[in-house]
Amino acid sequence: MKIRRSILVPFGSIAALGLAVACASSPPPKELLDARAAYLRVQGGPAAKLNPANLHDAKVALQRAERSYADDPDSQATRDYAYVAERKAALAEAKAGTKQAQQDAETARVHAAEAAQAELSQARERLESEKKARKMAEQRARDALNNLATVAANVAVKNDTRGTVITIPGSVLFASGKSEVLPGAQSKLDQVAEALWDQAERHIEINGYTDSVGSQAKNQQLSKERADHVRDYLVSKGLPAENVTATGFGPADPIADNGTNPGRAMNRRVEIVVAPESGTAPESQADKWKQGQNPAER
Amino acid sequence: MRICKAVTVFAVLLASVGAMACAGAPPPTDRMASAEAEARAAQAVGAEKVPQADLEYRLATEQLAKGRSLMKDGENEAAARMFERANADAELALELARQDAARREAANVGKASAAPSMNP
């Protein structure tokens, strides 16, 4: 046995050497060099992770080419197999590239959707807080108006179908038979103007009324002039002129008995009507007038 | 001399066996059909419009023609390998075209999301 082995070993070495010499004698064809390089490149790239199946195909193809090269280095078959192996490696690489691009697109889509969602909820929050702020402002304005009665003596505030109605007795505002606002009454109108600032977007009617004493025409004129003066004063305090109208109604729509002194005093008045917030037109005294229901003729 | 004779006989025998093997290989019509189908698929996804894919597509069609010619000459084994090359080229052309489309789409999605969004 010892002898046999000692003979066999050198034989094996010689055989191996002979093979190596044969290999060395014909260098690998360009196709095989390309295929080896391509496989190494792709193996080290993302394909190993993204596309192992195609990488394996490439490996099998390269092994076939290597076997063919070992058997018959110069054959066309070796070159053909190597060519196919190089293409298989490139295919694995391309498929990995496709997959990567698809994943990138998906990620971008998800990011875009998340960003859109975030923006939407931000917008929603913004809207919500704006709504809240508006509601609070409206409430403040309503309170200011309703509290006017407690702040300013002789001023009555009530809500009816026309909106919020502020009634100021004529004796507070004007001297008998005159239409200029008394200097002492200006502070009262200042308070009214202040309460009305928050209502600047709403339509405000200034309605002048007299008692039934005296001529209709004169009362009509006086009530109109008084309403105009109150309007001018409020506008001078900052209310938007386009939202404030003045109308004289003379002795129309009495709120008390014209047969008594206190009743007549109550009927001589200026009403400031603030339209409801909704923007729907209130049942305006001026509209009634236009519709032929001239209160002065009643 | 005797050794030479023996080698000659052996070589002749080997050659004849090889010739028989060649004659025995049937025409690789399946491989041809497969490579043709792959080339058509590459064309269908627009391989000709993507430069790198177009190159592979052209190689595939050239080698398909070579394979047909080899098959005509009875070189069936060589033809089979040529069709295999054509098939590999067509597959690569198809995938390169797909990769290009996928990259374009990814870029578009990225661009769309990077664009300033509408303000409420």
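The sequence lines fix the lettering, A, B, ..., with proteins before strands; numbering per chain opens at 1.
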Checklist entry - Given A:Thr164 and A:Val273, is the side chain to side chain contact (heavy atoms under 4.5 Å, CB included) satisfied, shown in steps? => result CA-CA 6 Å; A:Thr164 305; A:Val273 182; over 6 Å; no
Item to check | Under 3.5 Å side-chain donor-acceptor pair for A:Tyr83 and A:Arg87 | outcome: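 Present: a donor and an acceptor within the cut-off.
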Checklist entry - Can you tell me if B:Arg40 and B:Gln43 form a side-chain donor-acceptor pair at under 3.5 Å? => result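 No, because no side-chain N or O of B:Arg40 sits under 3.5 Å from a partner of the opposite role on B:Gln43.
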Checklist entry - Is NZ or CZ of B:Arg85 both nearer than 6.0 Å to the six-membered ring centre of B:Phe83 and within 45° of the ring axis? => result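 Ring-cation test returns no.
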Name the region of [X], side chain, backbone, both or neither, that has any atom closer than 4.5 Å to a heavy atom of chain B.
| X | value |
| --- | --- |
| A:Ala77 | both |
| A:Lys95 | both |
| A:Glu93 | backbone |

Checklist entry - For B:Glu75, does its backbone N or O pair with a side-chain atom of B:Asp73 as donor and acceptor, under 3.5 Å? => result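 Between the backbone of B:Glu75 and the side chain of B:Asp73 there is no qualifying donor-acceptor contact (under 3.5 Å).
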Checklist entry - Between A:Val84, A:Thr98, A:Leu91, which has the largest tally of heavy atom pairs under 4.5 Å with chain B? => result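 Counting heavy-atom pairs under 4.5 Å, the top option is A:Thr98.
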Checklist entry - Under a 4.5 Å heavy-atom cut-off, does chain A meet the side chain of B:Gln52, its backbone, both or neither? => result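 Neither the backbone nor the side chain of B:Gln52 comes within 4.5 Å of chain A.
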Checklist entry - Most heavy-atom pairs under 4.5 angstrom with chain A, which of B:Glu56, B:Glu105, B:Glu91, B:Glu84? => result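 Ranked by heavy-atom pairs under 4.5 Å with chain A, first place is B:Glu84.
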